Amino acid sequence: MQDNIKAVVLAAGKGTRLQTENNELPKVMRNARGKPLLWYVLDGISFIDKSEIIIVVGYMKEAVTDYFSEYIFAEQYEQLGTGHAVKAAKDLLVDFNGAVLVCCGDMPAIKGETYESFVKAHFDQGNVCTILTGESSIQLSYGRIVRDDKNGFVEIVEDKDCSEEQKKITELNSGVYIFDCQKMLLALEKLENNNNQKEYYLTDVPAILKNSGEQVGLYKRDLGDEIVGVNTLEQLEQVEKIIEGREK
């Protein structure tokens, strides 16, 4: 399994809502319990060799590349969305024929066992794309997973685009995916930015693949507090408490 997988970790964001007068570090370099948020993510996917992990950097990239110098890096020169960020790693993936785990550098609470079981499910099911989904009692403005009457994947609808009926859906998109590398790269070329933010969303890629006749699967877990990402100082404090609780 480990021989045929790479990872792309999205770590280019500035984290504007985390900026304070004395701290202008990139979001993933903000500390929780004395370590950068990105450290916890890389620890969670440490079953993948460091030489197979690509970190996508952007804002203040040297802060990331200096600290995590043993990894591979791709640069996102403009912040044009998550799909655009993965595309920044294209040159490092163009000759790879395995699977690519895509995860977020600002989600330090996802456990290693969750990543490993997710990867195993992807290979066991023979999917071209698998999405890690889950439910949480924590109020989160995440995209919802829309299923059809056979319980299969239809699409991901972003929270701000949800109808009142869709907002009642409790299955959330974690932002963690596994793709067949070459088919992902083809789908990324089909992404459009016809949304309010004028960004290229990775969340559109699974639907592009499904509509092309590819097998898209869902791996649902009770993610609880694992699914918390860090966008605000309050969420940074929240994940610190989660990590501290696990250390006891």
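These numbers come from a predicted model, not from an experiment.
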If I compare all heavy atoms of Q76 with all of A12, which pair ends up nearest, and what's the gap?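 Closest heavy-atom pair between Q76 and A12: OE1-CB, 3.3 Å.
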Pair listing, salt bridge (Lys or Arg N to Asp or Glu O under 4.0 Å) test, anchored in residues 176-189, at least two apart: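 The answer is K87-E189, K90-E189, K183-E214.
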Quick one: salt bridge (Lys or Arg N to Asp or Glu O under 4.0 Å) pairs with a partner in residues 98-111, sequence neighbours left out?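 Sorted pair list: K27-D106.
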Could you tell me whether E52 and K6 have a side-chain N and a carboxylate O separated by less than 4.0 Å?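 A salt bridge links E52 with K6.
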Under the rule for side chain to side chain contact (heavy atoms under 4.5 Å, CB included), what residues qualify as partners of [X], not counting sequence neighbours?
| X | result |
| --- | --- |
| K190 | I208, S212 |
| K241 | none |
| N31 | P36 |
| T82 | L10, L202 |

State, yes or no, whether a side-chain contact exists between [X] and [Y] at a heavy-atom distance under 4.5 Å.
| X | Y | value |
| --- | --- | --- |
| E75 | V56 | no |
| I45 | V9 | yes |
| Y142 | I156 | no |
| Y77 | K61 | no |
| I55 | V64 | yes |

Can you tell me how far CD of E70 sits from CG of L42, rounded to the nearest 0.5 angstrom?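 Answer for the CG-CD pair, L42 versus E70, is 8.5 Å.
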Look up atom CD1 in I54 and atom CG in L101, then write down how far apart they are to the nearest 0.5 Å.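 Spacing of CD1 (I54) from CG (L101) equals 11.5 Å.
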Test side chain to side chain donor-acceptor pair (under 3.5 Å) applied to [X] - qualifying residues, sequence neighbours left out:
| X | value |
| --- | --- |
| K35 | none |
| E113 | none |
| S51 | D49 |
| S136 | none |

Let me know which of V205, I131, V128, T130 forms a side-chain contact (heavy atoms from CB on, under 4.5 Å) with V216.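 Of V205, I131, V128, T130, side-chain contact (heavy atoms from CB on, under 4.5 Å) with V216 is met by I131 alone.
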Residue of the set E155, Q166, K220, E171 for which side-chain contact (heavy atoms from CB on, under 4.5 Å) holds with I145: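 Per the side-chain contact (heavy atoms from CB on, under 4.5 Å) rule, the option paired with I145 is E171, out of E155, Q166, K220, E171.
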Members besides V146 in its Ile/Leu/Val/Met/Phe/Trp/Tyr cluster (side-chain heavy atoms under 4.5 Å):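 Members alongside V146: V154, V157, I169.
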Which pairs with one or both residues in residues 150-178 pass ring-ring contact (aromatic ring centres under 6.0 Å, His included), sequence neighbours excluded?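 Qualifying pairs: Y177-F179.
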Is it true that, when you exclude E165 itself, more than 12 heavy atoms of the residues, nucleotides or ligands shown sit nearer than 6.0 Å to its CD?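 Open: at most 12 neighbouring heavy atoms sit under 6.0 Å from CD of E165.
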